Amino acid sequence: MQLSPDETLFWQYGFIKLNATIAFTWGLMFVLAVGSKLITRRLSTELTRSRWQNLLEILVTGIERQIAEVGLPQPRQYLGFLGTLFLFVAAAALATVIPGYEPPTGSLSTTTALALCVLVAVPAFGIADQGLGDYLKSYMEPTFMMLPFNLISEVSRTLALAVRLFGNMMSGAMIIAILLTITPFLFPILMTALGLLTGMVQAYIFSILAAVYIAAATRTRKPAPAT
Amino acid sequence: MLIDWFTVGAQAVNFLVLVWLLKRFLYQPILHAIDERERRIAAELADADAKRAAAQHERETFQHKNEAFDQQRAALFAHAMDEAKAQRQRLLEEARQAADALRTQRRDALRQEADQLNQALRRRTVQEVFAIARKTLADLAGASLEERLVAVLIERLRTMDDAAHAVFAQALQTATDPACVRSAFDLPAAQRTAIQDVIHTAFAPAVPVRFETAPDLVSGIVLTANGQQIAWDIADYLRSLERGVGELLKEKGPPDTAAGPAPSETAAPHP
C-alpha cells in the first residue's frame, strides 16, 4: 500500500523523475490556468456579466476580503501568493471526486514545498515591508533572549503547516482506500463527501495561517487600523 | 522516506509557476474588470448626482422666476386696475362736464329762441291789434285809427290835471330841442296840425314840434319834451294778453324743468 503518490513513478532518469504527484499537479495547473484564461478572455465591465465571471469575481473578492480581515491593509499585494495557495489546495481536494485521482497535497513532498514557500515568503514580505534591519530586529523582540525561540517557532510552524496538510489529505485518501476494501458501496461515498469538506477546511486553514504569518511579519511596528 | 526532495523542488517550482499563471490569467483581469466597473458606476453616480443637483438648481431657479413673475403680474394687474379706475373717473367727469355744458348751451339757446319768439309775437300782436282796431274803428265809427289816436292824445293833453300840466309846460318851455311826436305810422297833415295847435294853445305858443315815425313803437303815439312824455300805448293790453297766453300754455304743457323742455313747449312766451 502506498502512503504517497510520490511512489507512483511514470518515468525516471537518474535523479529526475516524473511521479504521480508532479503529474497530477500539472493537471491541476493546466485546468486552473486554462479555465481562468477561458473565462477571463471576454470579461465584461458593464453591469451585466456572465455567471462564470460572477463566480470568479466572488472567489477573488472573497479571498481579498479574507486577507484584509486577517490584518493586511493592502490585500492585493498578497493576493497572488495567498490566493494561489488556497486555490491550489482547494482544487487538489475537490478533484478527489474523480476516480483514480490522488491529491498531490497528500504527498509530504508537496506540502513541504508549500510550507517552504511560506517559510521563504514570510521574511520576504516582511523585509519588503519594513526593511532588512527592522525585520531581523523583530526576532529579538521583546529581548534578544527570545531569538532562539523565535527561530524555533519559525521552523516548527513551517513543519506544522506541512505535516497538518499532509496528514489530513493523506488520511482522507487512505481511509477511502481502506473502506473500499471493507465496505465497498456506502461508506466510501460518505467519506469522500467528508474528505471534500476537510479538504476545503484545510485549504482555508493553510492559506489563513500563511496570511497570519505574513501579517505578523509585516505589522510588527505598524498596528493595523481599527476596523 | 516520505519526502522526495526532487519532488519538493519540482512542486515548489510548480507552485511558483502556478502563482504566475493565475496572476496573469485570473487575478489581474478580474480585478481590472471589477475596478473598471466600479469606476464606471462611480462615474455614473457622480453624473447622476451632478444632474440631480443641476435639476434641483433648475427647479429652484424656475420657482424663483415663477414667484417673481406672479408678483410682477399681480403688481401690473393692480396698477392696471388703478389706472382703469382713474381713467373711468376721469371719463365720467369729462362726460358729466360735457353734458352740463351741452345742457347749459341748450338751455341758453332755448331761452334765446323763446325770447326771439316772444319779441316776434309781441310785434305781431301789436300789428294785429292795430289792424283790428283800425278795421273796427272804420267799420263801426267811420273813423281812422290815426284819427282816434291823435284825438286821444289831444284829449289827454287837454284834460291834464294842473300839477302835471305845469310840469309838462315847464318841460316844454325849458327844452332846447323841439318837442317830439313819435308814432307807429305816418301822421296825416291834419292830425299834425291838430297836435301842434293843442300844444301851442294849451302849453307854450312858440314851441317847435317835430314828428317821427317809429314802426316798432308799442305805444300808438308819444309826445316827449325835455324828458317828460305823454302817451297812449297798448302796453297794458299787451301785458294782459301775454299773461293770459302764458297761463294758458302753463295749463296745457308741462312745466319748464332743469333737463330742458322740448322747443315746441318752450316756444311760447313767458309772462
Side-chain angles (χ1 to χ4, degrees), chain A residues 3-7 14-19 21-22 25-26 28-30 32-41 43-47 49 53 56-57 59-61 63-64 76 79-85 87-88 91 104-105 107-117 120 162 166 170, chain B residues 1-70:
Chain A
L3 278 179
S4 165
D6 288 1
E7 296 167 23
F15 181 66
I16 303 167
K17 59 186 101 173
L18 177 61
N19 51 32
T21 305
I22 297 175
T25 301
W26 283 353
L28 287 175
M29 286 168 64
F30 180 79
L32 286 175
V34 172
S36 299
K37 175 66 183 167
L38 284 178
I39 294 171
T40 58
R41 196 176 40 181
L43 282 180
S44 160
T45 57
E46 305 293 326
L47 293 178
R49 50 199 182 271
Q53 184 180 346
L56 288 193
E57 286 189 5
L59 208 57
V60 171
T61 53
I63 294 170
E64 198 179 1
R76 291 197 179 183
L79 181 64
F81 183 73
L82 295 174
T84 307
L85 269 182
L87 286 179
F88 177 64
T105 46
S107 153
L108 190 58
S109 303
T110 305
T111 58
T112 304
L114 295 179
L116 285 176
C117 285
V120 173
F166 164 69
M170 184 271 288
Chain B
M1 183 65 179
L2 286 175
I3 297 179
D4 176 42
W5 288 107
F6 172 77
T7 309
V8 170
Q11 288 296 76
V13 171
N14 281 341
F15 176 72
L16 293 179
V17 170
L18 183 63
V19 168
W20 180 81
L21 283 174
L22 289 186
K23 263 191 179 175
R24 174 88 169 71
F25 294 129
L26 180 63
Y27 306 125
Q28 281 176 358
I30 291 288
L31 289 176
H32 179 72
I34 291 174
D35 289 347
E36 191 68 26
R37 186 165 56 243
E38 282 180 351
R39 251 200 309 278
R40 180 185 296 257
I41 290 172
E44 283 179 3
L45 284 177
D47 189 42
D49 279 346
K51 277 182 181 166
R52 191 167 51 203
Q56 181 72 19
H57 182 255
E58 283 288 318
R59 184 160 161 258
E60 285 174 359
T61 309
F62 177 71
Q63 277 182 344
H64 284 321
K65 278 187 182 172
N66 233 357
E67 287 170 3
F69 176 69
D70 283 346

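Labels below follow one simple rule: chain letters A, B, ... track the order of the sequence lines, proteins then strands, and each chain is numbered from 1. Everything numeric in this text was worked out from a predicted model, so none of it was measured.
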How many angstroms lie between atom OG1 of T40(A) and atom CG of L31(B), to the nearest 0.5 angstrom?
11.5 Å
Side chain, backbone, both or neither of I16(A) within contact of chain B (heavy atoms, under 4.5 Å)
both
CD of E64(A) to CD1 of I30(B): how many Å apart, nearest 0.5 Å?
11.5 Å
Ranked by heavy-atom pairs below 4.5 Å to chain A, first place among I34(B), T7(B), V13(B), D35(B) goes to T7(B)
Region of L43(A) that comes under 4.5 Å of a non-hydrogen atom in chain B
side chain
Contact origin within A10(B) toward chain A - heavy atom pairs under 4.5 Å:
side chain
Decide if atom CZ of R37(B) counts as having more than 12 heavy atoms of other residues, nucleotides or ligands within a radius under 6.0 Å.
yes
Non-hydrogen atoms of chain B under 4.5 Å away: do they reach the side chain of R76(A), the backbone, both or neither?
side chain
With rounding to the nearest 0.5 Å, note down the distance linking OG1 in T21(A) to CG in D4(B).
8.5 Å
To the closest 0.5 Å, what do you measure between CG (L56(A)) and CZ (F25(B))?
13.5 Å
Part of L18(B) lying under 4.5 Å from any heavy atom of chain A:
both
Compare every heavy atom of N14(B) with every heavy atom of W26(A), then report the nearest pair and how far apart it is.
NE1-OD1, 3.0 Å
Any luck finding a side-chain donor-acceptor pair between T25(A) and Q11(B) under 3.5 Å?
yes
Quick check on the interface: out of L32(A), L28(A), T111(A), who has the most heavy-atom pairs with chain B under 4.5 Å?
L32(A)
Please report the closest heavy-atom contact between Y27(B) and V60(A), naming both atoms and the distance.
CD2-CG2, 4.2 Å
So which part of L79(A) gets closer than 4.5 Å to some heavy atom of chain B, the side chain, the backbone, both or neither?
both
In Å and rounded to the nearest 0.5 Å, what is the CG to SG distance from L16(B) to C117(A)?
5.0 Å
Among L116(A), L85(A), L38(A), who wins on heavy-atom pairs under 4.5 Å with chain B?
L85(A)
V8(B) to A113(A) - nearest heavy-atom pair and separation:
O-CB, 3.2 Å
Is it the backbone or the side chain of T61(A) that comes under 4.5 Å from a heavy atom of chain B, or both, or neither?
side chain
Euclidean distance, F6(B) CZ relative to L18(A) CG, rounded to 0.5 Å:
8.5 Å
